Number of protein chains: 2
Amino acid sequence: MSGKRKGLGRATVHDVAKLAGVSSITVSRYFKQPEIVSQALRDRIAEAVKALDYLPNHAAGGLASTRGRIVAMVIPNISGPIFANTIQSFSDELNRHGYQLLLASSYFSVEKEEDAVRAFLGWSPAALVLTSQYHSEGTERLIAKATMPVVETWDYVPERKPVQVGFSHIDVGRQSVEYLHGKGYKRIAFVQNSLIGDLSALDRRDGYIARMTEHGLEPWVFVPTQADPFEAGRQAVNSLLLRKQPAEAIIFANDNLAAGGMLAGARAGMRFPEDCAIFGFGNYAFSEMLLPSLTTIRPPAREIGEVAALRILQALGEAAAEGPLKHLNLLDCELIARESA
Amino acid sequence: MSGKRKGLGRATVHDVAKLAGVSSITVSRYFKQPEIVSQALRDRIAEAVKALDYLPNHAAGGLASTRGRIVAMVIPNISGPIFANTIQSFSDELNRHGYQLLLASSYFSVEKEEDAVRAFLGWSPAALVLTSQYHSEGTERLIAKATMPVVETWDYVPERKPVQVGFSHIDVGRQSVEYLHGKGYKRIAFVQNSLIGDLSALDRRDGYIARMTEHGLEPWVFVPTQADPFEAGRQAVNSLLLRKQPAEAIIFANDNLAAGGMLAGARAGMRFPEDCAIFGFGNYAFSEMLLPSLTTIRPPAREIGEVAALRILQALGEAAAEGPLKHLNLLDCELIARESA
DNA sequence: TTTCTCAATGTTACCGGTAACATCAGCGAG
DNA sequence: CTCGCTGATGTTACCGGTAACATTGAGAAA
């Protein structure tokens, strides 16, 4: 009932200290390094904490120690079928160690990404996580100057300075070709997604082109004009199959397109894989529920989140159990052969 | 090269102030209320900010003003098919107004939820968002004492003190019955999910039971023992259809179960809806891609996020454009009639 | 007994902003 | 010409913790 400034009205370390008859720093130590506080004081403090319903103010703590327990992540989207697993596992692993997740989405826009990074840096997060290796110049400058660990996920390009946790999209493209080629298919087309900005998908296309060429086969890339993945898939199937020399197999840039294509084809009386083999990417939740179930490549979404969190915790000195080399940063995709190819 | 405490090594308001030849509070005002700073000083400050690459430290600002620009949200899960849209739209709307989202998942565990709430309160978020009306006692106590706005989502029970933004699960159950009853089905079964903890799903079941009873029909609830939704669906279909008096229609607690059931049935040669009508809940991404496409109810996931954000912004005085009553807090679900029922 | 060591605890100042109040210049009214 | 008011800017202290250094006391070593 007096202080000029109001505060939040909550109990502070000082209140706890007074009640427990110790100094405030001891209360602070009770939380950060309980082992250096004597049992007697620990008990008294615990009692006071409970009596006052004390909750530490992390903003104050972070300010004083210049190392908050927040980790910031920018991801293209939350609601898409791809990244949610990464966010989930990343968040869980962090929470387990007492860190909190600050999240924003970029929608594959490097400008939005930069805005988010700028806003996040204001919170001095303990670490910063981005998606892919492609950023704006501004972002590059910010992360170059950043003092906290920076991790790039969903891509693996070890030459870059930030730590990478991901996989090679180019190899995914090659792997898809390899699988279909091994099954005897020759006229293998690739359907790109029309989503502007997802640069990594273009890497997969490049891998496809490279491997096709190595096999002496002619690459055949179709770029849908429809934005809706469903419609785009239909468009691709119509264009690639209703012709004299139809495609024998189609690699879609993602499972959404593949499903759209298959569904359009099925409703038009086509049969897969008899009329054409279908190959996707992403292993979305529905992929195994389709008829025929979709052959695809599962990106290590969950693993990326886990390993990224692990690397960050290590960098922050929370090393914990796991041996430092239990995981490598280059993760494997899993080819899931189902009915469609 | 001197100060006892190191700081983050970044430029501060004081640095900017010195360079611009003003006092630090003026720099602070430049950011919070530019209109009360003279044009001359604004220019000088802007220059200094750019020269030093100054980024405001939000932790310090939040501490001093006791109102940070962080909003905390606890949600059952991120990677499931349901909540991602809510998170996405919520986060987008907040970002648009300069707020950041702090996120944690509870996995339908009220204890985990309480842990998250406790951790979040330490950041003195500007607002707190929870899912559903069911919490632990500890959580109830915490939010009762909380000074910031608290919003509960995905449920609408206006009697409660926290603001609600959601829909009535009981009505969803009734609505499902109504639709099938209107199509002439009598032996309508309900397949509950076995996911322990999702209390709202039980409300849907109760709505089903109530409406069935009102129609003079006998409720018929099947509880799968399998945890995997796919397997659970199969189990339900086998149990409900391979009998003398098979079910004519089945309402599944969610689309995952429905899809699992339909797929199991299809592979066993059953035809839907000829042999049995199938009705889901959730309108998951795959639901329109199934063969037959799934009749279901779309919860207003995206709208919940938007309205929750709007309510919070209003409570924080960021009123902004939207008239206060443009949205109500009780949102509508959309029944999507497709092929399966 | 004296000195030294080390573990337990306290004192002080500071992290980077901003609320509250003070000051000051310019200007119209009396 | 002085007074009072208003808008622009500055001073001071404080938000709630914790780093760095100081102090204390008990037991070990001399």
Side-chain angles (χ1 to χ4, degrees), chain A residues 2-45 48-49 52-70 121-124 126 147, chain B residues 2-45 49 52-70 121-124 147:
Chain A
S2 63
K4 311 288 187 93
R5 277 307 235 294
K6 60 207 152 171
L8 312 90
R10 238 195 272 151
T12 73
V13 259
H14 306 291
D15 301 325
V16 174
K18 196 181 303 175
L19 182 58
V22 300
S23 79
S24 41
I25 189 69
T26 305
V27 177
S28 175
R29 289 187 181 120
Y30 166 80
F31 284 105
K32 320 271 299 189
Q33 324 175 56
E35 67 280 2
I36 72 166
V37 176
S38 71
Q39 185 62 48
L41 292 195
R42 279 210 296 259
D43 292 346
R44 300 228 303 271
I45 294 174
V49 164
L52 295 176
D53 227 343
Y54 168 74
L55 279 180
N57 180 330
H58 295 128
L63 177 58
S65 68
T66 61
R67 45 200 301 279
R69 293 178 83 80
I70 274 192
L121 286 178
W123 289 102
S124 341
T147 55
Chain B
S2 63
K4 312 289 187 90
R5 249 6 200 280
K6 61 208 155 173
L8 313 91
R10 238 196 272 152
T12 73
V13 258
H14 306 291
D15 301 324
V16 173
K18 196 182 303 174
L19 182 58
V22 301
S23 79
S24 41
I25 189 69
T26 305
V27 176
S28 174
R29 288 185 182 123
Y30 167 80
F31 284 104
K32 320 271 300 189
Q33 323 176 59
E35 67 280 4
I36 73 166
V37 177
S38 70
Q39 186 63 48
L41 291 195
R42 279 213 295 260
D43 293 344
R44 299 227 305 270
I45 293 174
V49 164
L52 295 175
D53 226 345
Y54 168 74
L55 278 180
N57 181 330
H58 296 129
L63 177 58
S65 69
T66 59
R67 47 199 300 277
R69 293 178 82 79
I70 274 192
L121 287 177
W123 289 101
S124 341
T147 55

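In what follows, every chain begins at residue 1, and chains take the letters A, B, ... in the order their sequences are listed. Here the structure is a predicted model, which means the values were calculated and not measured.
Residue B:S28 places at least one side-chain N or O closer than 4.0 Å to OP1 or OP2 of C:dT18. Between A:S23 and C:dG10 there is a side-chain polar atom (N or O) within less than 4.0 angstrom of OP1 or OP2. Remark: B:T26 is in phosphate contact with D:dG10, judged by side-chain N or O atoms under 4.0 Å from OP1 or OP2. OP1 or OP2 of D:dT9 sits under 4.0 Å from a side-chain N or O of B:S38. For B:S24, no side-chain nitrogen or oxygen approaches OP1 or OP2 of C:dT18 to under 4.0 Å.
If you check every strand for non-hydrogen atoms under 4.0 Å, B:V37 touches sugar and phosphate atoms only. Within 4.0 Å of A:Y54, counting heavy atoms only, lie sugar-phosphate atoms of the nucleic acid but no base atom. Note on A:H14: a base of the nucleic acid sits closer than 4.0 angstrom, heavy atoms only.
Across the protein-nucleic acid pair, A:L63 atom CG and D:dC14 atom P stand 17 Å apart, rounded to whole Å. Computed from coordinates, the B:E35 CD to D:dT9 C1' distance equals 15 Å when rounded to whole Å. Atom P of nucleotide C:dG17 and atom NZ of B:K18 are separated by 14 Å, given to the nearest angstrom. Between the CG atom of A:L121 and the P atom of C:dG17 there is a distance of 13 Å, given to the nearest Å. Computed from coordinates, the B:I25 CD1 to C:dA22 P distance equals 15 Å when rounded to whole Å. The separation between A:R10 atom CZ and D:dG16 atom P is 9 Å, rounded to whole Å. Between B:R69 atom CZ and C:dT18 atom C1' there is a gap of 14 Å when expressed in whole angstrom units. Atom NE2 in A:H58 sits roughly 17 Å away from atom C1' in C:dC15 (whole-Å rounding).
Picking from D:dT18, D:dG17, C:dT9 the nucleotide with the shortest atom distance to the side chain of A:A60 gives D:dG17. Picking from D:dG10, D:dG16, C:dG17 the nucleotide with the shortest atom distance to the side chain of B:V13 gives C:dG17. Closest to the side chain of A:K32, out of D:dT18, D:dG17, C:dG16, is D:dT18. Checking C:dT9, D:dG16, D:dG10 against the side-chain heavy atoms of A:R29 singles out C:dT9 as nearest. With C:dG10, D:dG10, C:dA8 as the choices, the nucleotide that has an atom nearest any side-chain atom of A:V22 turns out to be C:dG10.
Using a distance-only test at 3.5 Å, with no hydrogens or angles considered, no donor-acceptor pair links the side chain of B:D43 to the main chain of B:A40. Here the side chain of A:R42 pairs no donor or acceptor atom with the backbone of A:Y30 at under 3.5 angstrom. For B:S65 (side chain) and B:G61 (main-chain N/O), a donor-acceptor pair under 3.5 Å exists by modelled atom type.
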Inset, instruction - Could you walk me through whether B:V27 and B:V22 pass the side-chain contact (heavy atoms from CB on, under 4.5 Å) test, one step at a time? - result: CA-CA 8 Å; B:V27 176; B:V22 301; 3.9 Å; yes

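Atom-to-atom distance recorded for B:L19:CG and B:Y54:OH is 13.5 Å, nearest 0.5 angstrom. Taken to the nearest 0.5 Å, the CD1 atom of A:I70 stands 11.5 Å off from the NE2 atom of B:H58.
Mapping B:G21 and A:A11 onto DNA chain D via the closest heavy atom, the residue that lands nearer the 5' end is B:G21.
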